[in-house]
Structure formats: C-alpha cells, structure tokens
Amino acid sequence: KLYFSTFCVRDALDDENRKIDEITKGKIILSGGRGTGKSIVLHDREKKSIGTADPAMLMRFDACGIFGKREDDVFNSSLMKHYYEVLMSKNMLNYIETYYPVLFEKEFRDLDEKMHRKIKEVDNYINNAYFRSTPLPRKYFTGEVSSEILSRFRRYAGVESVTLMMDRFDWMHNSDHRVQGIMRNYFDMFDKVIITCDDKNATKGKRASDLADRGFTITEVGYCKDGDVVRDIVTRRFTEDPENIRNPFPIKEVSDSTFDSLIDRSGGNITTILGTFNDCQTQYEWDDKDFDVDKQLQKSCERELRRVKTLRSICKGPKLHI
C-alpha cells in the first residue's frame, strides 16, 4: 500500500537497489536497524524485476512460533522441514500466479492444487495431533517440491537467474535457530539471496567477520539517514495526506539541524521520526501561536523514544543464527 502511494520516495529506493546490484556475491544481508525502510526496498526490487531476465521473489514467514522449543513425537524436525517446504512451495506458486498468471495456469495449476491440499493436511495435523490420531500421508524434505517449482519457472519463464528475498529473516518463529537453519538450506537453490536483519549484534565485530567468511555481504540501508530524503518523506505525509490539510503542520519551518538530530536520536528509524512528527502535530493543533517547531519536535522525539523503549522492554528482540 505504501509502495503504490504518493508517500513513497522512489528515487531513494532506486539508489538502494543500485547499491545492491553492485554486490557480486550471492548472499546479502540488508541491515540498518528497525524501521529504516528495508522491507520497501525489497518490495521495489520485486516489482521492478517482474518479467525481466532476473526476477526476485519476496517472502516473509510468521514471527510467532507454533512448534515450541522442545521436540517430541508430534512436533519434531521432520515435521518442521515438511511444514516450511509446504509454505515455501506455496509462496513460490503465489508469486507466479500473481505476476505470471498465464504461465501459472498452463504449467503450475497442478502443483498449486497439490500444495493447497498439503496445507490443509499439515494445518489439521498441527491443530489435532495432540488430541487424536492425525497421521500425515508423507512428509516432504527441504526442496522436494520447491526445487521442481523453481526448475519449471526457470524453464518456462526463460529467466537467466532468480533471486530469493526473505524479509525479517531473524524474526522467524521467535528467532528459532532450527527454522533459520531449515530456511538457510534453500539459499543454494537460488542465484542470489537477500535477507533483512534487525539483529544489530549480527552485523558487528566477530559475528560480522564470521558471516563474511561464509560468503555473506552485509550492507546497510542508507536513505533513512539522509536528511534530504527524510525531509521529503515527512513532507509528503504532511502535505499530501488529506487528514493534515485542514491545519497543515509547518514542515518548512523545521531546520535541517533538527532533521539531522531526529535522525541521529532515532538511529534512522523512519517510523519513530514519523511518530515524533505526529506527536508534535497534536501539540500544534492545540496551540499553533508562537509555536517553536524545532523545540517542540525535540520534546516529541523524547516522548516517542520513551514509548519505543517501553514497548521493546516487554518483547524479545530478534536474533540471527545463520
């Protein structure tokens, strides 16, 4: 929804994806912290690659866990591999159905119907296995069906390479190292892999060196720390959103130094910066006379940072295990 709106600053996305294009290695970790615009960079890459020789498939898997931490006869590693193979295959088929509908009907409808049945089977198993006998006809291993889907897609779409993009990779299944290990085994199926990562510790020091030794290139999203781009993002929200036209917030009065300060204090978190401006706008609507916009924005930023800190203190942060 954001990508196709007038709020999207497409030039900044182009710059980020050009930077990714310059990376020759096949495994890329897109970092930069939470709320810095990593997801929309991947959406931009997916949309612009449709119908080209190098399409990119974007996927995101649930952050909530359903299998628990301990394995037993009901929920174990073979079931987890089967579960994610079914999901991976269905995600790939959904991508093809959405962007290559004619090809999908001709070459993939049979596999899609099969995966639809498999999703029902595994859902039924997960919901009922502890209460009554709910056998699965057969469990898939990693790549059993997805590799066939990819092979057909390469052949019939006539593509030269296929990129796998996984958003919020380090959040999957409560940052479960088992799930990350399962999903990592899909990387070699593709010509290029891009994952996003919010785990700041993974991109620093020895852990960053270890990732580099294993063929991963770490690159940060940069536009979120560019004052001109951030000003453009904020300006669009407060001049093009109908809710803000009635009593427009004085964006032009905000100094460059204030934008730089907000970027620095938030770590480039666009969500936090927009929250800061929303809070300040509320203050402005109550009293727009003799309003010191720069001073009030700093106060609003302090309130927004406290709110974010409180929220993060009650939830577990992500961890990258690859």
Side-chain angles (χ1 to χ4, degrees), residues 2 7 9 12 29-42 60-65 69 167-177 180 195-208 218-227 229-235 237-238 241 243-244 249 251 254-287 291-321:
L2 171 62
F7 303 150
V9 182
I29 298 174
L30 193 59
S31 66
R34 301 190 207 179
T36 53
K38 299 185 294 299
S39 297
I40 199 167
V41 170
L42 298 191
R60 176 189 284 188
F61 297 90
D62 285 345
C64 60
K69 295 181 179 180
D167 196 16
R168 293 170 64 88
F169 185 89
D170 51 338
W171 289 88
M172 286 189 300
H173 203 273
N174 291 331
S175 297
D176 194 323
H177 68 93
Q180 290 186 29
I195 65 173
T196 65
C197 171
D198 286 332
D199 180 1
K200 293 183 178 180
N201 294 324
T203 56
K204 297 178 182 178
K206 187 178 184 304
R207 289 187 66 189
I218 300 171
T219 183
E220 285 194 11
V221 171
Y223 72 86
C224 58
K225 295 183 180 179
D226 184 319
V229 173
V230 174
R231 180 185 282 275
D232 191 4
I233 291 171
V234 174
T235 299
R237 295 295 182 101
F238 283 87
D241 190 334
E243 294 183 3
N244 295 321
F249 186 78
I251 295 291
V254 182
S255 67
D256 290 341
S257 61
T258 293
F259 267 103
D260 290 340
S261 174
L262 297 179
I263 292 169
D264 182 63
R265 295 182 70 184
S266 67
N269 188 320
I270 303 295
T271 304
T272 299
I273 293 171
L274 290 173
T276 295
F277 274 88
N278 284 330
D279 181 272
C280 195
Q281 184 191 36
T282 300
Q283 307 301 318
Y284 177 73
E285 289 175 347
W286 279 99
D287 183 14
F291 191 82
D292 188 330
V293 65
D294 290 315
K295 183 177 180 180
Q296 290 300 323
L297 276 169
Q298 294 294 350
K299 292 181 179 179
S300 291
C301 183
E302 188 65 37
R303 284 192 289 270
E304 186 66 12
L305 289 173
R306 284 200 301 267
R307 187 187 69 83
V308 170
K309 185 177 180 180
T310 299
L311 288 174
R312 291 185 180 178
S313 68
I314 59 177
C315 64
K316 178 184 176 183
K319 186 172 183 179
L320 186 69
H321 294 282

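If you read the sequence from its start, that first residue is 1, and numbering goes on from there.
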Which class fits the ring pair Phe249 and Phe238: parallel under 30°, tilted 30 to 60°, perpendicular over 60°?
tilted

Please report the shortest heavy-atom distance between [X] and [Y], naming the atom on each side.
| X | Y | answer |
| --- | --- | --- |
| Ile218 | Ser31 | CG2-OG, 3.7 Å |
| Gly267 | Thr36 | O-CG2, 4.1 Å |
| Cys224 | Gly268 | CB-O, 3.2 Å |
| Leu297 | Leu262 | O-CD2, 4.1 Å |

I want to check something: taking the side chain as every heavy atom from C-beta on, are [X] and [Y] in contact at a cut-off of under 4.5 Å?
| X | Y | value |
| --- | --- | --- |
| Arg237 | Gln281 | no |
| Gln283 | Phe291 | yes |
| Lys225 | Glu220 | yes |
| Tyr284 | Gln296 | no |
| Leu320 | Ile29 | yes |
| His173 | Phe61 | no |
| Val234 | Val230 | yes |

Please check: side-chain N/O of [X] versus main-chain N/O of [Y], any donor-acceptor pairing under 3.5 Å?
| X | Y | result |
| --- | --- | --- |
| His321 | Ser175 | yes |
| Thr196 | Leu30 | no |
| Asp279 | Gly275 | no |

Suppose we screen for ring pair (Phe, Tyr, Trp, His ring centres under 6.0 Å). Which residues come up paired with Tyr223, at least two apart in sequence or across chains?
none

Pairing residues for Phe259 by the ring pair (Phe, Tyr, Trp, His ring centres under 6.0 Å) criterion, not counting sequence neighbours
Phe277

Using the test side-chain contact (heavy atoms from CB on, under 4.5 Å), find all partners of Asp292 that sit at least two apart in sequence or belong to another chain.
Asp294, Lys295

Rounded distance [0.5 Å steps], [atom1] in [X] versus [atom2] in [Y]:
| X | Y | atom1 | atom2 | answer |
| --- | --- | --- | --- | --- |
| Ile195 | Asp167 | CD1 | CG | 10.5 Å |
| Ser257 | Asp264 | OG | CG | 12.0 Å |
| Ile273 | Ile270 | CD1 | CD1 | 4.5 Å |
| Ser39 | Arg168 | OG | CZ | 7.0 Å |
| Met172 | Cys64 | CE | SG | 12.5 Å |

Between Arg307 and Glu304, does the salt bridge (charged side-chain N to carboxylate O under 4.0 Å, His left out) criterion hold? Intermediate values first, please.
CA-CA 5 Å; Arg307 187 187 69 83; Glu304 186 66 12; 2.7 Å; yes

So, using side chain to side chain donor-acceptor pair (under 3.5 Å) as the criterion, who are the partners of [X] when residues are at least two apart?
| X | answer |
| --- | --- |
| Asn174 | none |
| Thr203 | none |
| Gln298 | Ser261, Arg265 |
| Arg231 | Asp256 |

Could you go through the side-chain contact (heavy atoms from CB on, under 4.5 Å) check for Asn278 and Thr282 one step at a time?
CA-CA 6 Å; Asn278 284 330; Thr282 300; 5.8 Å; no

Contacts under 3.5 angstrom, residues 311-319 side chains, donor-acceptor by atom type, not counting sequence neighbours:
{"from": "Ser313", "atom 1": "OG", "to": "Thr310", "atom 2": "O", "distance (Å)": "2.6"}

Pairing residues for [X] by the salt bridge (Lys or Arg N to Asp or Glu O under 4.0 Å) criterion, not counting sequence neighbours:
| X | value |
| --- | --- |
| Asp62 | none |
| Asp226 | none |
| Asp170 | none |

Can you pull out every salt bridge (Lys or Arg N to Asp or Glu O under 4.0 Å) where at least one residue sits in residues 195-206? Sequence neighbours excluded, please.
Lys38-Asp198, Asp199-Arg207, Lys206-Asp210

